[in-house]
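Shown next, in structure tokens, is the structure this report addresses.
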Amino acid sequence: MEKILLKNIENPNSADIREYQKTGGYQSISNAFEMQPRDVIEEVKSSGLRGRGGAGFPTAMKWNFANADPKFPKYLVCNADEGEPGTFKDRPILEKNPHLLIEGMVISGYALRAEYGYIYLRGEYPLAKDILDNAIAQAREKNYLGENILGKNVKFELSVYQGAGAYICGEETALIESLEGKKGQPRSKPPFPVNVGAWEMPTIVNNVETLSNVPYIIAIGGEAYSKIGREDCTGPKLYCVSGHVVKPGVYELPMGTNLRDIIYKHAGGIKNNKKLKAVLPGGISTPVLPADRIDCLMDFISMPKHGSMLGSGAVIVMDESVCMVKVAHRALKFFEHESCGKCVPCREGTGWLRQILGRIESGKGKQGDIELLSDITDIMSGRTFCPLGDGAAGVVTGMLRHFRDEFEEHIKSGHCKLSIDN
Amino acid sequence: MFNETVLKEIDGIRAKYPDARSALLPSLYVAQREFGWLSPEAMTCVAKTLNLPEAMVRGTASFYAMFRHNPVGRNVIQLCTNVSCMILGSDRLLDLLKSRFDLEPGETTKDGRFSLVIMECIGACGTAPAMLVNTDFHDNLTEQNLEEIMGKYK
Amino acid sequence: MITITINGKNIKLDEPMSVLKAAGKAGIKIPTLCHHDALETYGGCRLCVVEVERMPKLQNACTLIAADGMVITTESEVISKVRRGILELLLINHPLDCPYCDKAGECELQDLVDKYGPTVGRYTEIKRKVPASHKDEIFVRNMDRCVVCTRCVRMCNKVQGASAIDIIGRGNKSRMEPFSSASFNCEYCGNCLSVCPVGAILSRLYLHSFRPWQIDREVETVCSYCGVGCSVVVQVRDDSIKRVIPRFGLGLNNGLLCSRGRFGYEYINSEERLKEPLIRKNGKLEKSTWSEAIDFTAKKLTEIKNSHGGDAVAGIASPRCTNEDNYVFQKFMRMACGTNNIDSVSRMGFASAQKYLEDLLGQGVTSNMISGVKNADTILVVGGDPTAVNPILGLAVREAARNGAAVAVIGEAKGLEKFKTLKVVPPVFREAELLESLLSEVAEAKDPRNERPAVDQGISQLSGGSAGVDTGELKKILLDGKSISIILGSDLVQRANGHRALFAIAGLTYMLEARLTLLSDRPNEQGLIDMGCLPDTLPGGRPVTVHDFRDKFENEWNGTIPENEGLSLLEIIEGAENGNIKALYVMGENPAFNLPDSSSARKALESLDLLVVQDIFLTETAEIADVVFPSSGWAEKQGTYTNLERRIQLLNKAVGASSSMEDWKILKEVSIKMGYQMTYSSAEDVMDEIATVSPLYSDLTYREISAGHCLWPYHGKPLRGEINELPASAEAPEDYKEDLYLVIDKPLFHSGSLSRKSPALRKICPEPLLRIGPGHAQKLGLKDGDLVDVSTSKGGFDVTLSVDDCLGDGKVYLSNNFEDRGVLSLMGYRLDPVTKAPGIEGCAVKIQKKADSSAGSDKS
Ligand SMILES: Cc1cc2nc3c(=O)[nH]c(=O)nc-3n(C[C@H](O)[C@H](O)[C@H](O)COP(=O)(O)O)c2cc1C
Ligand code: SF4
Ligand code: SF4
Ligand code: SF4
Ligand code: FES
């Protein structure tokens, strides 16, 4: 497959606007401006594009909701919070291909009649901040941004808003709160951001990767785009593979590529001739898959059938040396640290789970701990305000489903077999 | 209080948003840059500049992990220990920092040269284990190259 | 119309609302910890789960909007299990110290655990510990018990508007912080404490002193501090007040209170209360008996009246006393003593303003509902800070601002700093000119009204001069308003040309068809006026000089009313000074402290032949009296107050084994001894008479009053109150060229000389502070916390300086609350010829740093 999102990134100057233009960049803006905003949305609809932020929501459907709301101004917000552990797919776009994102946002802004755009960038990406600021300045200079873009009477202003270290701000309503200068705590929905979002105005939040698909859709047309990937999950997808593989990195592949192929064909298989033990297929918030269950298509529709999720497409590969109790413990430490504290089940449940897992890991597990873990996840599941807490419970549930023995073993023997073997 | 240049910078930030409160996070970054950390005085300056209640400024600042509520050393080591980094050895790096530099998470070396902050994922899992020193990424860390890298920061 | 079914009950809803609210309307309680009716929805506790038919997952009732046809179940085994689970999570880090916690018995968490379990604790890890914080003078924080419902924070931010607290930290490290008046603007309203469902915020006033179930009785009454008239519930044990609390759904304050109302009640229980009558013998006040004191007073008054005439006697009534007290007071003065020399400190603001405004615009022009302010789209605040003088009215202004109303402030209103749309500060003491030029501009932009000749004529005669500030933006805000409230404080009345500002306000009210509200810093200023405690009006606002009115009252009262207007407040003091007034009867007031040039006032009072004082404390005035009667205080008697909306509300007796007597009763006894009969046996008898004699109150009964809604104009007939010609105009404005002027401050935490007897308020604000703007402080080389000597031509003393960022240059602010250091003692006055209010503006002041003051504030 030709590279669409990661096109040209081997070029060390790929972030420069001239390099981007050389390879056809910014041409989709003129094409889009020839169309009616409504038709741009139609084009995206026929492309079948789904949001790449994790939930896989059809992008054009979200846009149409926003479009139907009579309130103005509308805001377009790019979710560049990329906080899901294991995920580093938006980073190459932000650092190496910023103009692709900017072009995507200008077109999307035009389609949505939004005149202001914000890129909510996680605080942990200082390099991307500089690159984006620079790219925005270049684009403004070339009149791709501003009051009267390309003399076509289209206005779009864009700036970067830097997050400050809170995973929950990746959740779109928490992101909006944060953009308003508040704590990043999720809002209740409805009303949805497309109707009441930032500063109470209709706000469209899309992931970096989602928006970066837009110029290509305009370039080749929605129909043609929809031929990439699978019928109900189209387009290219960035899979980021980390952990015990020979060639970790970001792979741009058709949506729905087989997980096994991603690991073995593209990422070169398991390092040091070790055996595969488990995979977290879409970041640590997605339930674990044991080695014998990785024959699944990595897209939004197929993965749930296999007991997990595509999430952010962050494939964390673990070989036989990895202790699952330790992973679960580390994951819950993360969730405890990142719980925003708004709702009781997540705020208190994550900490309790973490403490029990910590005890088991350090050999102080007790009879009944496993039952208690699963009771706590029962209390949490479906009861938290936002999916973060649910995800935390799901991680433990997944681990217990596939690796219960390992937990029992820890409790019984009081130590980890693996760390001794090592 | 902030000097004129900083006040102007904050004015500029404010102009980007429909509401002064939106300027809070960026202004806290500015204050952190100016004061080295978010001292009570720094937060008071932000509150006054933006005409926001102090309790609100403090509450908001305390929510975010990248705002420093204690003085930090000249160089802040932000080491990721999340799963991808952990399974590739971030624990060993932590041990090294402790044994070699007497540096524990959340603390600062006696000479004020380094502070250590444990990070959740910093988006460098493909080149794990990884860290940020101040605003520089360092990837594929090993016990050897960690010492070398630290040597560059005075 | 939306129809839903909850637990088998059909419920019809007129508008969309949450399932929780709909259930509440139908009397079905769904458990919650984070939800509170007075606060915006949060959705954090997850206890409000319900089952909804055709929805696979349990739903949260607080955030789920009821849709037509929904079938909802609020209790079931599944739901209980979920609630039990959530409660278990809430208890894992809870200290489980109920036996020791004050909240036990009224703790929402405890009640829920009682109902839903959990029975056994499965948590064996280490509990999170947050040490209790006792740093604050009023609040104790036990963050171990906090359930992070954020009710307190939402209350403080979104209702109180102080934004003094917030949740610090995130996740399970969250805790509420911090409470500290100086740096975080806590207004000590205690409203956060009211809504905390658990024992995380407690009041030191009653810490460990009683349990909720140990209350002997609860009495609903009205707060004694300001003209808003908040409803409170007084909880009593062993005949002493344990706690004063508001109640949601009760009164116009609907669950909210301010610092004074909530924490200022301790004066009632004070050891310093007067316990027996005192008579001056050989120059010293000595204990006496009731009958001796009554006989003595009656005899002396009769003597003076007989030898010098009724005009040698005068009376000062009290805006802290009830309508019944004040009614009997003026009747006593008029009928027993034969004088119209009756006035009160309300002359210094409210009474003067209202009289003048009603003369121009008709009776009732200032009688507007506080809820109207809440709903206004435009609010003009001038001459005072509603958030300090009348805090609950202040909250209405803040709420309106939050809802998008334009709030324009002329002068200073610190509590509105973060809520105002526009603030205009005219040059010192030039507000009248500013308002006049604003009025001419507004009048020019509007069609003439031609309804009130005097006002129309006054407007046409405005000089059109300006105070040297641009009024363009102000004008625009006012002209854009569709529903305008004007709020006027007493600062502008206390001017030698105060009536000019009042005319301008009247004109603006008239031209803009605005609703006018007067700030009122005492609880019954309106009632005192309506009861006729004025030198020129009888009860119901009827002019004493009009024969027909006098005649009617003379028939009812069986005697003769003097035909001439009496002396006003400061004229009475001047009368005492020059010997025309020989006897003064003071009920519940402290003129030796509360009047400008108070040392002269004190001297004048000392020179009287007879000074009678009824009070609850030995005030500065009582100290120099010839007879002192210990009267019953608020909470010890029944009666009514009329608030600044002119709503009449009932006070009830909560405690009262003390040896005091109600004010009206003391007056009655003295009156009888003087030969004028009074036969009331209760306050209700007095009200019955008021309802008979005053056309304004015809048919009014305690029963009707206690049912609430006793709103102006009752069933009565207000006067149109038109005057056809404007009173004499003022002199040309003066130039104020001094560098620094002293002005009076109305603080939030104190009120008159009453609050200083309440330890809690003294802890919150222990000493007077001289407030100065940062610019002027710098100019004088002074810093926050410096001890300075403040002096004027009338005297001086030491105070602590407080640098306040909200203030500009040229003025310093000082209150009149603390012993020996009241601002009024430093100020002279000139009477406004029209309103007779004392003008206290233009008081030049010097402040100088005390040499030894650096130790405390400047460590460097
Ligand atoms: C806990 C949580 C964290 C999330 N983090 C991210 C994130 O880092 N980046 C992102 O694009 N979306 C994230 N999302 C998804 C967003 O809420 C939202 O669905 C997405 O930004 C929509 O964009 P899309 O439609 O383009 O996917 C997160 C969601 C949750 C519940
Ligand atoms: S599940 Fe609840 S506490 Fe956790 S992050 Fe979401 S809203 Fe916050
Ligand atoms: S007492 Fe009032 S002002 Fe102070 S923190 Fe509580 S709610 Fe806020
Ligand atoms: S202190 Fe009370 S009201 Fe405030 S968050 Fe805690 S439990 Fe809720
Ligand atoms: S897990 Fe360490 S960078 Fe992602």
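Side chains are part of it too, since the values below use all heavy atoms of this structure and drop only hydrogens, waters and symmetry mates. Each chain gets a letter, A, B and so on, in the order its sequence line appears, and its residues count up from 1.
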Heavy-atom pairs under 4.5 Å with chain B, option from [options] with the top count:
| options | value |
| --- | --- |
| A/Gly123, A/Cys169, A/Gly249 | A/Gly123 |
| A/Ser242, A/Gly165, A/Ala164, A/Pro126 | A/Ala164 |
| A/Gly83, A/Ala267, A/Gly184 | A/Gly184 |

Can you tell if the side chain of [X] reaches within under 4.5 Å of the side chain of [Y], non-hydrogen atoms only?
| X | Y | value |
| --- | --- | --- |
| A/Ser178 | B/Tyr64 | yes |
| B/Glu120 | A/Ile284 | no |
| A/Lys326 | B/Asp91 | yes |
| A/Glu95 | B/Phe137 | yes |

Got a second to check how far [X]'s [atom1] is from [Y]'s [atom2], nearest 0.5 Å?
| X | Y | atom1 | atom2 | value |
| --- | --- | --- | --- | --- |
| A/Lys129 | B/Thr135 | NZ | OG1 | 12.0 Å |
| B/Asn82 | A/Ile316 | CG | CD1 | 7.0 Å |
| B/Ile118 | A/Lys333 | CD1 | NZ | 8.0 Å |

How about [atom1] on [X], more than 12 heavy atoms from neighbouring residues, nucleotides or ligands closer than 6.0 Å, or not?
| X | atom1 | value |
| --- | --- | --- |
| B/Asp11 | CG | yes |
| B/Glu147 | CD | yes |
| A/Tyr116 | OH | no |
| B/Lys98 | NZ | no |

Can you tell which part of [X] gets under 4.5 Å to a heavy atom of chain B, answering side chain, backbone, both or neither?
| X | answer |
| --- | --- |
| A/Val317 | backbone |
| A/Val327 | both |
| A/Tyr75 | side chain |
| A/Val315 | neither |
| A/Gln162 | both |
| A/Cys323 | neither |
| A/Tyr118 | side chain |

Exercise for review: For chain A, find its close neighbours in residues 14-22 of chain B: heavy-atom separation under 4.5 Å, sorted by number, or none.
Suggested key: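 Listed by number, the contacting residues are B/Lys16, B/Tyr17, B/Pro18, B/Asp19, B/Arg21, B/Ser22.
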
Review point. Under 4.5 Å, heavy atom to heavy atom, which residues of residues 23-40 of chain B contact chain A?
Key: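 The list, in residue order, reads B/Leu24, B/Leu25, B/Pro26, B/Tyr29.
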
**Study point:** Test item: A/Arg330 side-chain N/O and B/Met86 main-chain N/O as donor-acceptor pair under 3.5 Å
**Key:**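 Not a single qualifying donor-acceptor pair exists.
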
**Study point:** Choice from B/Ile13, B/Thr127, B/Leu52, B/Thr60 maximising heavy atom contacts with chain A below 4.5 Å
**Key:**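 Option with the greatest count: B/Thr60.
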
Check your understanding: For the residue pair A/Arg91 and B/Ile122, what are the closest heavy atoms and their distance?
Key ->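 Closest approach of A/Arg91 to B/Ile122, heavy atoms only: NH1-O, 4.4 Å.
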
Practice item. Indicate the atoms forming the closest heavy-atom contact of A/Phe88 with B/Ala124, along with that distance. Key: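 Scanning both residues, the minimum pair turns out to be CB-N, 4.5 Å.
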
Check your understanding: Quick one: which of B/Cys80, B/Cys125, B/Ser84, B/Cys121 gives a side-chain contact (heavy atoms from CB on, under 4.5 Å) with A/Pro85?
Key ->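 Per the side-chain contact (heavy atoms from CB on, under 4.5 Å) rule, the option paired with A/Pro85 is B/Cys121, out of B/Cys80, B/Cys125, B/Ser84, B/Cys121.
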
Point to revise | Proximity breakdown for B/Met119 and chain A, heavy-atom pairs closer than 4.5 Å | key: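 For B/Met119, heavy atoms of backbone and side chain both lie under 4.5 Å from chain A.
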
